[in-house]
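Right, one structure below, let's go through it.
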Amino acid sequence: MSNSKHTLPCSSEHIRKWRCILSFYNQYFHPFATSPDSNDCDATFYLKIAESSAIDPGGPELPPVNPPSNVTTTYKGTLAYEDQWPAQRDYDMNDVMVTYQSTLYRNVLNSKIYKIVDEFTPLHSGGTHICGFGYQLHNLAPDRVRSIEVSGPDGWKIETDQSHPTVILFDNMKSVLNQKFTVTTELADVDLSQVTPPYNPFIFVNGRSREVHLVNYAPTDKADESFFNTSDDMSNINEGIYYITRYGEEVDIMPFAINLPTLDFEVPTESVKIYDTYPGFIDWVKSKGTTNKDWYKKKK
């Protein structure tokens, strides 16, 4: 990339006031946790000159600049779950599949997030169990949320007896397949790191207390922790390690849920282990998401 410098012919004694708004967006990607979508808004610059006479008349004519009051950032992806937890069983990872698209509204003056609009669509139900789905804003105290509005099929609810704001969209996926839920959340100006989508999404199986989350995402207050360390689960809740299992002796962080940065993940083959359907899955997991990042595009 070539470097260039542009200088406006200015008279320094005329310049009394410059106002500049500088805004950055930065994000951290975890292979089992987040899947941001680039929207080319990572840096936004606005420059407004208080006095038009501060610019040398010999320079180019500059249009008026009125910075917008907010900038949006959009995340999207697909969540896939194994509902047999704490057992691996068929480990096909297609029992519950939900797509999401989340738009965060950020005030450019203070870089705080003040509103989120989430769209969740239950895409595929490959299991025989009755599964529900919800998510928790696990880095927020309840008083940081001003309001939550949900539009979509009946049955959703806000759980008020939780340590963090928790939204349940449905308790039986088969009854709402391919129906979109839109959640609008008004916030009391929070940091992006506190509300990075898809937050802490989870399913619950054959009742509210058996929750399945992404790797190392804690269960909610309603989860029954007696399921941990039974069957194939290798969690260590005292160390903050949740929802993992082993693959032979070589992989010890096999997930029961995954988050992929695409809306077009082809459904894994029913009753076939996902690493047999997608051969690159094991290497992706072994590398903790640093290699084989496109494994989900190469179905066997």
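The structure presented is a predicted model; accordingly, all values stated were derived computationally and were not measured. Side chains included, hydrogens not; waters and symmetry mates left out as well; all remaining heavy atoms used.
Side-chain contact between N139 and S193: absent, with no pair of heavy atoms (C-beta onward) separated by less than 4.5 Å. Side-chain atoms of T184 and K115, non-hydrogen and from C-beta on, do get closer than 4.5 Å to each other. Inter-residue side-chain proximity for L169 and V183 is flagged as met; some heavy-atom pair is nearer than 4.5 Å. K299 places a side-chain heavy atom less than 4.5 Å from the side chain of T277. Looking at heavy atoms from C-beta onward, L192 lies out of side-chain contact with R106 at the 4.5 angstrom threshold. Looking only at side-chain heavy atoms (C-beta outward), Y81 and P201 come within less than 4.5 Å of each other. Inter-residue side-chain proximity for K288 and I253 is flagged as met; some heavy-atom pair is nearer than 4.5 Å. Side-chain contact between C131 and D95 is absent, with no heavy atoms from C-beta onward closer than 4.5 Å.
A donor-acceptor pair under 3.5 Å is formed between the side chain of T262 and the backbone N or O of D264. Judged by distance alone, the side chain of D221 and the main-chain N or O of S163 form a donor-acceptor pair under 3.5 Å. With hydrogens and angles disregarded, a donor-acceptor distance shorter than 3.5 Å links the side chain of N292 to the backbone of G280.
Around CD of E186, the count of heavy atoms belonging to other residues, nucleotides or ligands within 6.0 Å exceeds 12. For I158, the CD1 atom counts as densely surrounded, since its 6.0 Å shell holds more than 12 non-hydrogen atoms of other residues, nucleotides or ligands. Within 6.0 Å of CG on D154 lie no more than 12 heavy atoms contributed by other residues, nucleotides or ligands. The number of heavy atoms from other shown groups lying within 6.0 Å of CZ (R208) is above 12. For K297, the NZ atom is loosely surrounded, since the number of other residues' heavy atoms within 6.0 Å does not exceed 12. Other residues, nucleotides and ligands contribute more than 12 heavy atoms inside 6.0 Å of the NZ atom of K174.
How far CG of N229 is from CG of N236: 7.0 Å, rounded to the nearest 0.5 Å. In this structure, Y247 OH and K286 NZ are separated by 8.5 Å, a value rounded to the nearest 0.5 Å. Taking CE of M93 as the reference point, atom CD of Q88 lies at 9.0 Å (rounded to 0.5 Å). Rounding to the nearest 0.5 angstrom, the gap separating the OH atom in Y105 from the CD1 atom in I113 is 11.5 Å. Rounded to the nearest 0.5 Å, atoms CG (D276) and NZ (K300) are 6.0 Å apart. Once rounded to the nearest 0.5 Å, the distance linking OG1 of T269 with NZ of K273 reads 13.5 Å.
The cluster map of Ile, Leu, Val, Met, Phe, Trp and Tyr, joined by side-chain heavy atoms under 4.5 Å apart, puts Y243 and V98 in the same cluster. Taken together through direct or relayed side-chain contacts under 4.5 Å among Ile, Leu, Val, Met, Phe, Trp and Tyr, F204 and L123 form parts of separate hydrophobic clusters. When hydrophobic clusters are built by joining Ile, Leu, Val, Met, Phe, Trp and Tyr residues whose side-chain heavy atoms come closer than 4.5 Å, directly or via intermediates, Y199 is not grouped with I168. L140 is connected to I116 through a chain of hydrophobic side-chain contacts under 4.5 Å among Ile, Leu, Val, Met, Phe, Trp and Tyr, so both are in one cluster. I130 and I203 are assigned to two separate hydrophobic clusters, defined by single-linkage of ILVMFWY side chains at heavy-atom distances under 4.5 Å.
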Pair Q84-D90, side-chain contact (heavy atoms from CB on, under 4.5 Å): steps then yes or no: CA-CA 8 Å; Q84 300 288 339; D90 60 9; 4.2 Å; yes
side-chain contact (heavy atoms from CB on, under 4.5 Å) between Q101 and T74, intermediate numbers included: CA-CA 7 Å; Q101 182 162 306; T74 299; 3.8 Å; yes
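Under 3.5 Å, the side chains of T220 and Q136 contain no donor-acceptor pair of N or O atoms. Side-chain atoms of T245 and D232 include no donor-acceptor pair closer than 3.5 Å. There is a side-chain donor-acceptor pair under 3.5 Å between S102 and D118. A side-chain donor-acceptor contact under 3.5 Å links N200 and H213.
In terms of heavy atoms, I274 sits closest to P268 at CD1-CG, 4.3 Å. Scanning all heavy atoms of the two residues, the minimum distance from I244 to I241 falls at CD1-CG2, 3.5 Å. The two residues R246 and M234 have their closest heavy-atom pair at NE-CE, 3.2 Å. The nearest pair of heavy atoms linking P255 to V285 is CD-CG2, 4.2 Å. The two residues L137 and H164 have their closest heavy-atom pair at O-CB, 3.5 Å. Here the closest non-hydrogen pair linking N216 and G240 is OD1-O, 3.8 Å.
With respect to Y278, the ring pair (Phe, Tyr, Trp, His ring centres under 6.0 Å) criterion is satisfied by exactly one of W284, Y91, W295: W295. Of the candidates F120, W156, Y100, F120 is the only one forming a ring pair (Phe, Tyr, Trp, His ring centres under 6.0 Å) with F133.
Remark: aromatic rings of F281 and Y296 are distant, center separation not under 6.0 Å. For F181 and F170, the distance between ring centers is under 6.0 angstrom. Between Y217 and H138, the distance separating the two ring centers is shorter than 6.0 angstrom. For F228 and W85, the distance between ring centers is under 6.0 angstrom.
Contact check on D161 versus K222 returns a salt bridge, with a Lys/Arg side-chain nitrogen under 4.0 Å from an Asp/Glu carboxylate oxygen. Between K112 and D191, at least one side-chain N (NZ, or NE/NH1/NH2) sits under 4.0 Å from a carboxylate O, which counts as a salt bridge.
Listed by chain and residue number, E119, T121, T182 satisfy the side chain to side chain contact (heavy atoms under 4.5 Å, CB included) test with K180 (two or more places apart in sequence, or in another chain).
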